[in-house]
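Everything on this sheet refers to the single structure shown next.
These numbers come from a predicted model, not from an experiment.
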Amino acid sequence: MEKFKSFKGKVAPMDRSNIDTDAIIPKQYLKSVNKAGFGVNLFDEWRYFDKGEPGMDHTKRRQNPDFILNKELYRNSKILLSRKNFGCGSSREHAAWAIVDYGIKVIIAESFADIFYNNCFKNGILPIILPKSEIELLMKLSFGQFGLDLEINIEKQIIILENYKIILFELDPYRKRCLMAGLDEIGKTLEKKNKISEFENYHKKRHPWLFLDIGAKNG
């Protein structure tokens, strides 16, 4: 997982609540457990007119010009803006994989579904929760003629608007450290791999019978 650094990016506004994981990545794409390659199918049913299937040449599919990520102004957005309950529905981690693979680094919303919120941190996505009044402001600015570029400073936990207005956001200190270090739970555990090996060796010496191969044949 890449280290999360402060950056600037264009905001793609999705002015709706309850965006579920099936909308983020439809069920037919869940056959693969390889985290790469899902970005082309992000919001598949909203992004294309025809139904998509695994293995299709997606460059030949008809895109919906009214969908926000198909508009030229927002095609390269790194920040997604939404409303309440983003990521609801099934617990599929593929939803987070698709968002990362597309290139989105931050999602700003009024609230998130719990499992999706946790999956964001496991995959290097920063989910930011803001009150409705701040969401309304960002929505209005994002739909402007030139869109909205934001600077996200994770260390200071601030969002800087183009007019230098600053919006503060809350973030769990542990999750913040993990994002900045580029570590998920497994990565944090592996930081202690030397101590884990020491314990395993000690445990094996103290309790050798636990490690006998009972299926081995006697000489």
Side-chain angles (χ1 to χ4, degrees), residues 1-26 28-30 32 34-83 86-87 92-110 112 116 119-120 123-128 130 134-154 159-163 167 179:
M1 194 167 83
E2 292 184 5
K3 294 181 179 180
F4 192 101
K5 300 178 180 178
S6 297
F7 77 102
K8 294 181 180 179
K10 177 76 69 178
V11 177
M14 299 187 72
D15 192 4
R16 61 175 76 192
S17 299
N18 303 311
I19 295 178
D20 63 46
T21 52
D22 193 51
I24 297 171
I25 184 73
Q28 64 265 32
Y29 298 108
L30 306 187
S32 172
N34 185 344
K35 292 186 178 183
F38 291 101
V40 71
N41 301 119
L42 179 67
F43 299 114
D44 196 88
E45 293 181 2
W46 297 344
R47 193 169 161 190
Y48 304 99
F49 281 125
D50 55 328
K51 179 177 174 57
E53 294 292 344
M56 290 179 66
D57 183 354
H58 299 286
T59 62
K60 296 181 179 179
R61 297 176 65 193
R62 292 192 305 128
Q63 291 191 356
N64 177 1
D66 294 326
F67 180 60
I68 197 71
L69 292 178
N70 289 340
K71 295 179 181 292
E72 190 61 34
L73 182 60
Y74 304 106
R75 279 186 182 274
N76 297 314
S77 296
K78 303 296 183 185
I79 303 169
L80 197 61
L81 176 65
S82 186
R83 294 195 178 273
F86 188 93
R92 66 191 71 171
E93 193 171 352
H94 294 70
W97 298 350
I99 288 169
V100 171
D101 195 60
Y102 183 86
I104 291 171
K105 295 179 177 294
V106 177
I107 305 173
I108 303 173
E110 290 180 53
F112 293 86
F116 178 83
N119 283 339
C120 284
N123 291 278
I125 304 167
L126 173 60
I128 297 176
L130 293 180
E134 303 287 11
I135 295 292
E136 293 286 0
L137 171 64
L138 295 180
M139 282 287 180
K140 180 180 179 181
L141 295 174
S142 298
F143 280 113
Q145 181 180 0
F146 302 106
L148 175 66
D149 289 281
L150 297 178
E151 180 178 350
I152 310 293
N153 188 313
I154 187 173
I159 301 170
I160 305 173
L161 280 70
E162 294 166 328
N163 60 359
I167 298 175
L179 277 178

Residue list, salt bridge (Lys or Arg N to Asp or Glu O under 4.0 Å) with E151, at least two apart or on another chain | none
What residues form a salt bridge (Lys or Arg N to Asp or Glu O under 4.0 Å) with E72, not counting sequence neighbours?
-> R75
So among E45, K51, E53, which one has a side chain to side chain contact (heavy atoms under 4.5 Å, CB included) with P26?
-> E45
Between M14 and L80, is a side-chain contact (heavy atoms from CB on, under 4.5 Å) present by the stated rule, with each step listed?
-> CA-CA 7 Å; M14 299 187 72; L80 197 61; 3.5 Å; yes
Approximate separation, where rounding is to 0.5 Å, of S77 OG and I104 CD1 | 7.5 Å
So how far is it from I24 CD1 to I19 CD1, rounded to the nearest 0.5 Å?
-> 7.0 Å
For L141, check side chain to side chain contact (heavy atoms under 4.5 Å, CB included) against everything at least two apart and list the hits.
-> L137, L148, L161
Residues which pass ring pair (Phe, Tyr, Trp, His ring centres under 6.0 Å) with F143, listed by chain and number, not counting sequence neighbours | none
Among all residues two or more places apart in sequence or in another chain, which pass the salt bridge (Lys or Arg N to Asp or Glu O under 4.0 Å) test with D15?
-> R83
Answer with yes or no whether the side chains of N64 and W46 bring together a donor and an acceptor at under 3.5 Å.
-> no
Aromatic contact, H94 with Y29 (centres under 6.0 Å) = no
Got P65 and N70 here, is their nearest side-chain heavy-atom distance under 4.5 Å?
-> no
What pairs meet the salt bridge (Lys or Arg N to Asp or Glu O under 4.0 Å) rule with one or both residues in residues 59-69, with sequence neighbours excluded?
-> D44-R61, D50-R61, D57-K60
Whether over 12 other heavy atoms sit under 6.0 Å from N76 CG | no
Measure centre to centre between the rings of F86 and F116, then say whether the value is under 6.0 Å.
-> yes
Below 4.5 Å, heavy atoms only, C-beta onward: do K35 and V100 meet side chain to side chain?
-> no
Looking at L81, I159, I107, which one forms a side chain to side chain contact (heavy atoms under 4.5 Å, CB included) with I128?
-> I159
Worked check of side-chain contact (heavy atoms from CB on, under 4.5 Å) between I160 and I152 | CA-CA 7 Å; I160 305 173; I152 310 293; over 6 Å; no
With a 4.5 Å limit on heavy-atom distance, are the side chains of V11 and K78 in contact?
-> no
